[in-house]
Amino acid sequence: MQQRVSTPVPGSGVLPLLEERADPGRTADEPLPERTKKSPSHTQLVSLWLLLVVGGALWAWSLPRIGFRDIGDFGLLDRFPVVFYVSLAVLSAGFLVSLRRAGNAPWWPLTYCVAMLVALKAPPALLYDSVRYAWASKHDAVIARLLSEGTFHPYTELSGGMSAYDQWPGFFSLNAALVRAFGVEGAAAYTNWAPVAFGLLMIPVLVLVYRTFTDDRRLVWTAVWIFQLANWVGQDYLAPQAFAYLVFLTVFAVVVRHFVRPGSAGRLRDPAHLDPAAAPVPPSTTRRQRAIGVAVLVPLIAAVNASHQLTPVMLCMTLTALCLTRRYRNLGLLAVTGAVMLVWDLTMGRPLFLDTLGTLRDSAGQLLKNSRPGFAGEPTGPGPELVGTANILMVVALAVLAGSAVLLRRRLTHGALPLLLAAAAPVPLFAVNDYGGEMLFRVYLFGLPGTAFFAAAALVPAAAGAGRARRLARRVAVVALPVALIALLAGFLPSYYGKEGMQYAPPAETALVERAYDRAPEGSLILATTGSFPGAYYHYDRYERWFFTEQEVPENLRMLKDPAGYLDAGIPPGRTAYVILTPTQEEATIGEGYLPAGGFARMSEALKRSPHFRVVEESRYGLVLEHVETPAPTPPTTP
């Protein structure tokens with residue numbers, strides 16, 4: 001098989017980076033020419049070390065100065081010191097310098113990718129004294145229950161949709177084993193490190209995928225960098241989705257590298273017909289080798305199915321899209337994947353699967369509704385509104401970059417067609433279901449690996465070739481590449497940290513919530529505005545929950561006219577009930593658009609004044625009320 005490697009040319013600045021040339025005549029078995037074995041020059045080495053050390057030092061200096069205990073309207077954006085932003089800019093500059101020698105010193109862009117990942121996502125792990133993100137504490141509660149009971153109950157009905165966690169228990173079983181192995185009290189000990197851990201594990205998988213379609217290491221590492229900056233959807237926390245997504249990418253990497261059908265490559269192994277950056281199609285495999293490959297992948301496919309409901313569907317959609325190409329028309333693999341998913345859905349996941357089928361009548365074909373972010377209203381407040389704007393701009397920027405590469409680099413698109421099809425594969429799911437208001441984010445997430453690759457291809461021009469057009473493209477890239485990376489960084493920060501008031505709660509708030517649950521008799525009804533607060537699912541199998549603003553906005557506006565009467569009417573007679581209201585809930589209800597500005601405070605005051613509720617505990621960390629059942633009026637006696 002013919003392979004090509006990047007051959008750097010001497011020079012300085014960004015322009016020489018963009019003028020690295022490939023050597024299409026060298027085969028994989030030939031030794032590298034001496035000039036390609038050169039290490040980075042002394043000046044480059046000094047620059048790389050200096051930028052890494054300075055960026056790391058500035059970041060470390062800024063870390064204890066991040067005002068996370070006093071989060072305002074803009075999340076952490078105005079709580080990060082200026083030096084924190086400077087450190088990210090320095091690391092970005094170092095990454096650009098590292099691309100000069102990406103072909104023969106790939107550890108430098110790798111080092112900067114890891115450094116940027118840590119700089120962006122490690123602050124909560126290092127600073128926060130509680131679990132970041134309410135859904136992470138929810139998953140910690142599931143793991144705690146598994147550790148205490150030692151088993152799952154897939155057919156036991158639990159309120160709040162919690163039965164689904166017993167029906168897809170793979171991820172939680174893995175974490176229960178990790179808790180035992182680490183000897184810690186619970187998953188909360190490492191929960192905040194999950195985004196960093198998943199990010200580190202994803203880097204080699206992404207490199208394998210991208211190296212399948214390009215020999216240009218600059219393009220590979222730029223795509224990895226863009227993927228990290230564009231991965232703002234918040235699905236990398238300690239969650240089944242994050243684990244299943246990592247396994248999904250691993251399966252995809254194996255398929256595109258080792259499932260090529262014989263005689264399907266055509267001219268895609270001839271360097272003369274390839275983009276200068278494109279890699280020849282991997283070696284073909286026989287039917288027997290592909291059958292062995294299917295057997296190897298079955299445990300990974302089973303792990304995806306045991307951990308998450310949506311990811312197996314995405315995997316089937318992606319494999320179906322790959323079957324549209326002659327290269328990867330592996331109907332046997334698709335059939336096995338679909339069979340494993342169907343078997344799981346009809347056994348362990350049967351209750352939720354049947355319930356989901358029942359909702360398709362109302363959601364199928366509703367494209368606008370299914371692609372709507374969130375559940376109820378529009379985000380309100382300066383922070384959430386900025387986050388929404390940043391999200392849109394990020395999607396548009398990536399779409400423009402990727403689309404331009406698809407149109408302008410036809411040969412690269414032809415060679416990397418499987419990656420393009422995989423990026424588009426999740427889109428049809430908009431016609432099926434809204435996935436609780438999250439389908440838009442999941443489609444974006446599963447299409448991101450391919451989108452990041454083509455976005456990088458728009459910024460890193462072909463290494464070889466001459467002519468006026470290519471010289472102009474390289475000169476444009478000198479400006480476009482750093483500007484685009486800084487713009488994506490600027491979009492990531494509000495998208496990831498702009499609503500941090502919803503993600504961080506002080507330990508005292510969580511303690512207040514747990515005291516309220518412990519005070520309530522088992523079987524009580526617990527009311528809260530939303531489930532997006534730490535401790536919301538504490539001992540979730542012992543109580544029933546009613547998150548009374550998680551409904552359409554008009555109904556919430558009706559509730560605000562008489563909050564006490566509305567809640568009193570919804571509590572079954574004779575049922576012990578408590579209301580828990582916390583600052584994190586207020587941030588969530590306003591930020592997600594459940595309630596208008598000031599609505600949470602008006603509701604809280606109305607409940608405190610009402611004879612239907614009695615204050616049990618109140619502090620700046622929250623309010624707990626007990627429902628007081630009013631005796632029914634005695635009918636007048638007839639004389």
Side-chain angles (χ1 to χ4, degrees), residues 124 128-154 156-180 182 184-195 234-244 306-309 352 436 502-547 550 578 580-582 584-585 588 621-622 624:
Y128 287 8
D129 45 12
S130 63
V131 170
R132 178 183 185 263
Y133 198 47
W135 252 236
S137 68
K138 176 181 182 180
H139 297 156
D140 182 36
V142 178
I143 297 167
R145 178 178 175 230
L146 175 59
L147 286 168
S148 65
E149 297 187 9
T151 186
F152 283 100
H153 311 277
T156 300
E157 186 176 352
L158 298 171
S159 69
M162 295 302 292
S163 303
Y165 292 94
D166 281 18
Q167 295 160 16
W168 277 270
F171 171 77
F172 304 107
S173 300
L174 173 62
N175 276 273
L178 291 176
V179 170
R180 298 288 193 198
F182 293 157
V184 294
E185 293 185 3
Y190 57 82
T191 294
N192 287 349
W193 285 103
Q235 293 299 325
D236 55 356
Y237 66 104
L238 191 73
Q241 175 68 96
F243 171 74
S307 300
H308 197 242
Q309 307 98 317
L352 182 62
M502 298 167 52
Q503 321 301 5
Y504 169 76
E509 180 179 324
T510 305
L512 177 142
V513 172
E514 293 180 356
R515 284 196 302 272
Y517 275 105
D518 290 336
R519 183 183 293 114
E522 186 169 338
S524 298
L525 176 63
I526 305 298
L527 288 74
T529 54
T530 173
S532 297
F533 65 99
Y537 293 88
Y538 178 71
H539 291 323
Y540 63 91
D541 56 324
R542 302 180 187 177
Y543 306 96
E544 186 177 350
R545 289 161 177 79
W546 177 19
F547 301 132
E550 293 186 353
Y578 289 82
I580 304 175
L581 303 173
T582 65
T584 304
Q585 288 182 52
Y621 298 110
V624 180

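Since this is a predicted model, take the numbers as computed values, not measurements.
Counting heavy atoms of neighbouring residues, nucleotides and ligands inside a 6.0 Å radius, atom CD of E149 exceeds 12 of them.
Using a distance-only test at 3.5 Å, with no hydrogens or angles considered, no donor-acceptor pair links the side chain of D166 to the main chain of M162. Judged by distance alone, the side chain of D236 and the main-chain N or O of P195 form no donor-acceptor pair under 3.5 Å. In this structure, the side chain of Q241 does not engage the main chain of Q235 through any donor-acceptor pair within 3.5 Å. Within the 3.5 Å criterion, the main-chain N or O of A505 finds a donor-acceptor partner in the side chain of S130. At distances below 3.5 Å, at least one donor-acceptor pair connects side-chain atoms of Y517 with backbone N or O atoms of A536. A donor-acceptor pair under 3.5 Å is formed between the side chain of Q167 and the backbone N or O of P154. Panel note: side chain E550, backbone G531; a donor-acceptor pair is recorded below 3.5 Å.
Contact of the R132 side chain with the Y237 side chain is not registered, since no non-hydrogen atoms from C-beta on lie closer than 4.5 Å.
When all heavy atoms are compared, the tightest approach of S173 to F152 is OG-CE1, 3.6 Å.
For the pairing with H139, the ring pair (Phe, Tyr, Trp, His ring centres under 6.0 Å) check across W168, Y165, Y133 returns one residue only, Y165.
The aromatic rings of F547 and Y537 sit perpendicular to each other, their planes meeting at more than 60°, with 30° as the lower class boundary.
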